[in-house]
Amino acid sequence: GDSVTQMEGPVTLSEEAFLTINCTYTATGYPSLFWYVQYPGEGLQLLLKATKADDKGSNKGFEATYRKETTSFHLEKGSVQVSDSAVYFCALTLSGGSYIPTFGRGTSLIVHP
Amino acid sequence: DSGVTQTPKHLITATGQRVTLRCSPRSGDLSVYWYQQSLDQGLQFLIQYYNGEERAKGNILERFSAQQFPDLHSELNLSSLELGDSALYFCASSVSQGNTEAFFGQGTRLTVV
């Protein structure tokens, strides 16, 4: 079945460090890919998305590129802030049939001043 | 604000009891999904409804059931509650079943004592 695998956390960084959170997927069709962020005590919010191969999603300094050849959608940010501390979820959706948004297990990011 | 409303925000109940969680999707969204989030299991898909009909089932226990009403709000019923049912329950909605993002509510935190 369709699945998403994320690197395990927590990821602990100092402020202004470079961030990479790895995400790979397995899908039977041509998925759309998403990154969601969950701040403490809140629901998941869409951070960015890409709907086809080689698309780059970006938002709030975060970027991810849809790589079909490596089935990956790694999240990057050049300089993290303390306010970026949250749990990040990689997800995919497929059109048609029995549609279920499929999420990775989430990666906790902790940014220290 | 995602536009998805979940009530109640917190619920404390005893083992063996039954509770109902309510979700109002974003205006215009036909698809509703229920997820369970726990520390050890991550974000687990429970069930999906689309325009009043059940479309997909995930890891939903037989003690749990859901429905979507004509006004598109949805309810998740949890019965014969056990300590292990303590978790965050999220509702999400999307416009359709295609390659679109899901919008999440803030969740209901259920504690079974």
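Hydrogens, waters and symmetry mates play no part in the numbers below; they use all other heavy atoms, side chains included. Convention: sequence-line order gives letters A, B, ...; per-chain numbering from 1.
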Original post:
Is it true that atom CD of E16(A) has more than 12 heavy atoms of other residues, nucleotides or ligands lying nearer than 6.0 Å?
Top reply: no
**OP:** Pick one of side chain, backbone, both or neither for Y35(B), based on which atoms fall under 4.5 Å of a heavy atom in chain A.
**Re:** side chain
Original post:
Which answer fits Q38(A), side chain, backbone, both or neither, if we ask what part of it has an atom under 4.5 Å from a heavy atom of chain B?
Top reply: side chain
Subject >> Contacting region of L44(A) [heavy-atom separation from chain B under 4.5 Å] >> reply: both
**OP:** Verify whether the ring centers belonging to F90(B) and Y36(A) lie closer than 6.0 Å.
**Re:** no
Original post:
Under 6.0 Å from the CD atom of E8(A), do we count more than 12 heavy atoms belonging to anything else shown?
Top reply: no
Original post:
Q37(B) versus chain A, heavy atoms under 4.5 Å apart: side chain, backbone, both or neither?
Top reply: side chain
**OP:** May I ask you to name which of R105(A), E42(A), Q45(A) has the most heavy-atom pairs under 4.5 Å with chain B?
**Re:** R105(A)
**OP:** Measure the spacing between OG of S93(B) and OH of Y50(B) and express it to the nearest 0.5 Å.
**Re:** 12.5 Å
**OP:** Count the heavy atoms belonging to other residues, nucleotides or ligands that lie under 6.0 Å from CD1 of I12(B), then report whether that count exceeds 12.
**Re:** no
